Trainee: 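What follows is a single structure, and I will ask about it in a moment.
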Amino acid sequence: MMDTGEHIEPHKNIASIEEADAGLESVGYIASRRISTALYIAHHLRKPILVEGPAGVGKTELAKSVASWLMLPLIRMQCYEGLDEAKALYEWKYGKQLLYTQILRDKVGSVIGESDDLRSAIEKLHSFGDVFFSKRFLEPRPLLRALEQPHGAVLLIDEVDKSDQEFEAFLLEILSDYQVTIPEIGSVMAVVPPIVFLTSNSTRDLGDALKRRCLHLHIGFPDEKLEARIIGSRVPGIDTRLLTQLVSFVQQLRVLDLKKLPSVSESIDWARVLVLMHTAVLTEETVRDTLNVLLKFESDIDAAGKRIAELTRKSQQAVA
Amino acid sequence: MPLHPFPLPQETCAPASEPLRRFLQVARGAGLRISAAEGIDAARAVDLVGYSDRAVLRDTLGAVLAKTLDEKVLYEETFDRYFQRQEFSRSDPEPSSNASATRDVAQGIGSEGGQALADLLETDDPTDLAMAMETAAREAGVQNIRYFTQKNLYVLNILNRMGLRAVQEQIDALESEGTAEATERALRLEAAVERLWDAGRDFVERALLLYARGETEQLRERLLRSARLSNLRQHDLERMRVLVRRIAKRLATRYARVQRRRQRGHLDIRHTLRRNMGWGGIPFLTAWKHKRIEKPRVMVLCDVSGSVAWVSQFLLMFVYSLTEVLADIRSFAYSDSLIEVSETFEQQPFEEAIARVASSMGFGSSNYGSALADFERGWVKDVTNKTTVIILGDARGNGTDPRTDIFERLSKRAKRVIWLNPEFRSSWGTGDSDIYRYAPYCSLVRVCSTLNDLERVIGDLLERP
């Protein structure tokens, strides 16, 4: 499971779905079967994965864990409306160019001074090549950095649904061939194609072309068994009885009509809080005190408040 | 700059296997939009994981073929239905003792076929029988089945190919033999044949659901779209709702883009200078002038009396599905008076809201004059020069005063007024129809009685905000 990576050879180090499963677990991410399968396929077909799901179920965490497992650098790009090529791909270091021009003004003057007329002066300048448009003055942004990594990387494009249509079209170009063209320098092709994750909160429909280009993975709320494993992995040392109780409670909470259902990150936080408070067993009072860790809206807390007694009782029965 | 090309993934040249191709056909028929590229990806993915583990296959194809939540649900349903048949296994089948028998049965070659079928029926191995049926069905061309009336035909065809006739003869022969043993065997065979008929019918019915579904769905959809809304029955309502939602979504995605146009022709000097102060004002980064195109604000007035009520329902359903592209939707219901129903629709689920509105309005006959007067009294102050007013009604006032003066004032205030009339154009102006008295003040008067009409109207509305 150690990745050394080679320069030219593409990675073939996810040999099976089980290996992906075990690998992710080794870094603390409990993946469902679907996730490991998607990762395996994406790796071998060399396609990006579009991960959709409610907030807090582990979409970003997945990318981080994959990077950690395969020991590849994680390059993260957060999308927002108005994100354009300059901020995503590359930018010239204008300040540096300007500064160098000023400092070297004398030098430039002396070089040109040797020539007699305008034409030879320009020829002279040309002969220096595009000095001020070389790699030194190029500021690579996340996408270009991902392509330049010598051993490959994990590229996380977060909340791609917040960007606009033009940006999607631009992304499509990169995700198809893993190469970009910088007019002044030439084509940059990825040494090792990065593993690309796109996350979306489904605030708007993504363009068809982008969707067709990617594999689609939906991560929903986990079932009881999986959630117990996840919390067990993230909150080591938690008492099993408490774990069963709190998982049962959260699962029941998700059935109610709430504005924002508690997701996995919230249940992990709650587990941590309970452990900090040295809770042995879930009681109504404890729940009332800590409910604001799970639910983030006043209206939800009120709505759930009426049902706390009933839900606590049921979760206590789940252990017994 | 490292420019080493990495070796491209080996394009698998193996053709997509038969079961996969048929599954794609079925999936497309069920409504999943699968492009050719995705079909190729599916083939490659399946080559990677194989057919052996059904759960893995399900997840794999799901990742490749279903790209939205709705599609995923549809996909899972289709997958489960298609792969219900147990014989489905692509790995080289071990030559079982009955393999040759099933092959012969499938070919249904005369008496040998009959013998083979009889053997199969006696051993009663469901897998082998299923395999034989599957092969015979394929030869009979069951994937071409279109109508439920063809069911019995196909069943007979399939069973005959399996050698049914010969088995019948054998049963007759056994019965005429007379011995107890032979009679018993004959009875057993008969019972097995009964079961075979049932299995055959079941099989063909499943095939009908799978293969014919696509065609019938499209036909049904086309019918619903062009049907007069007033002719619809209660049970079509659910399907109509789905259709309306789909159309609304399509319109929304198309027109959401249009509204973010920026007028990139003019350089915004001030903004540019401010941005480039760090570099002494040299315009490395340019800023352009924006032209804000606002979403249309809509006020919808719906007649809820008589047959027009149906159309109103669908119009409202439409309009409320478009909250993404319409800025401000306010809706009103009228018959002989007018009330605002925006809150009712925003807060309650659709069916309840409609019922509530219907009960509170009563079933009075239309009186446009008084309805307009109510509107002017209560809400005309909210009509601005950015508002689009849509009125849905047949303009039949039962002889009451049409109050075109109110209407004239309204049309001057608003950006534009659109009148949608569910009646046939030939009925306009006849009897108590006042439509031509209101028409001069409207920017658009349209016949609107089917879903297609609604779509067109709303599309036009969005295109020219």
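Throughout, a chain's letter reflects where its sequence line sits, starting with A, and its residues are numbered from 1. This is a predicted model, so every value here is computed, not measured.
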Trainee: Where does Ala37(B) contact chain A at under 4.5 Å (heavy atoms): side chain, backbone, both or neither?
Mentor: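 Answer is neither: Ala37(B) stays 4.5 Å or more from chain A.
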
Trainee: Counting only heavy atoms not in Phe284(B), do more than 12 sit closer than 6.0 Å to its CZ atom?
Mentor: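 It does: Phe284(B) CZ has more than 12 such atoms within range.
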
Trainee: Does Asp59(B) come within less than 4.0 Å of Arg33(A), counting only side-chain N to carboxylate O?
Mentor: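 Arg33(A) and Asp59(B): not salt-bridged.
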
Trainee: What's the separation between atom CZ in Arg46(A) and atom CZ in Arg44(B), rounded to the nearest 0.5 Å?
Mentor: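 So the gap between those two atoms works out to 9.0 Å.
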
Trainee: Which region of Ile17(A), side chain (C-beta onward) or backbone (N, CA, C, O), has a non-hydrogen atom less than 4.5 Å from a non-hydrogen atom of chain B, or is it both or neither?
Mentor: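 Contact with chain B: side chain only.
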
Trainee: Roughly how far, to the nearest 0.5 Å, is CG of Leu217(A) from NZ of Lys72(B)?
Mentor: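 Output value for this atom pair is 7.0 Å.
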
Trainee: What part of Ala55(B) gets closer than 4.5 Å to chain A, counting heavy atoms only: side chain, backbone, both or neither?
Mentor: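 When you check distances to chain A, no heavy atom of Ala55(B) falls under 4.5 Å.
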
Trainee: Output the option from Leu65(B), Val49(B), Leu48(B) having the highest count of non-hydrogen pairs under 4.5 Å with chain A.
Mentor: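 Highest number of pairs under 4.5 Å: Leu48(B).
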
Trainee: So for Leu215(A), is it side chain, backbone, both, or neither that comes closer than 4.5 Å to the heavy atoms of chain B?
Mentor: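 Looking at Leu215(A), backbone and side chain both touch chain B.
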
Trainee: Between Cys214(A), Ala42(A), Gly186(A), who has the most heavy-atom pairs with chain B when the cutoff is under 4.5 Å?
Mentor: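 Greatest number of close heavy-atom pairs with chain B: Cys214(A).
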
Trainee: Should we count CZ of Arg254(A) as having more than 12 external heavy atoms under 6.0 Å?
Mentor: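 For Arg254(A), atom CZ is crowded (more than 12 foreign heavy atoms under 6.0 Å).
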
Trainee: How many angstroms lie between atom CD1 of Ile40(B) and atom CG of Leu45(A), to the nearest 0.5 angstrom?
Mentor: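 If I round to the nearest 0.5 Å, the distance is 12.0 Å.
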
Trainee: More than 12 non-hydrogen atoms from neighbouring residues, nucleotides or ligands closer than 6.0 Å to NZ on Lys259(A), yes or no?
Mentor: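 For Lys259(A), atom NZ is not crowded (no more than 12 foreign heavy atoms under 6.0 Å).
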
Trainee: Counting only non-hydrogen atoms closer than 4.5 Å, can you tell me which residues of residues 271-282 of chain B sit against chain A?
Mentor: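 The stretch touches chain A at Trp279(B), Ile282(B).
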
Trainee: Looking at Glu139(A), I'd like to know if its CD atom is crowded, meaning that more than 12 non-hydrogen atoms belonging to other residues, nucleotides or ligands lie closer than 6.0 Å.
Mentor: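 Result for CD/Glu139(A): enclosed.
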
Trainee: Could you have a look at Glu91(A), Arg34(A), Arg212(A), Glu52(A) and say which one has the most heavy-atom pairs with chain B under 4.5 angstrom?
Mentor: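 Top option by heavy-atom pairs under 4.5 Å: Arg212(A).
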
Trainee: Write down the atom of Thr68(B), the atom of Lys211(A), and the distance for their closest heavy-atom approach.
Mentor: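 Residues Thr68(B) and Lys211(A), closest heavy atoms: CG2-NZ, 3.2 Å.
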
Trainee: Does any heavy atom of chain A fall under 4.5 Å from the side chain of Ile34(B), the backbone, both, or neither of them?
Mentor: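 Neither part.
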
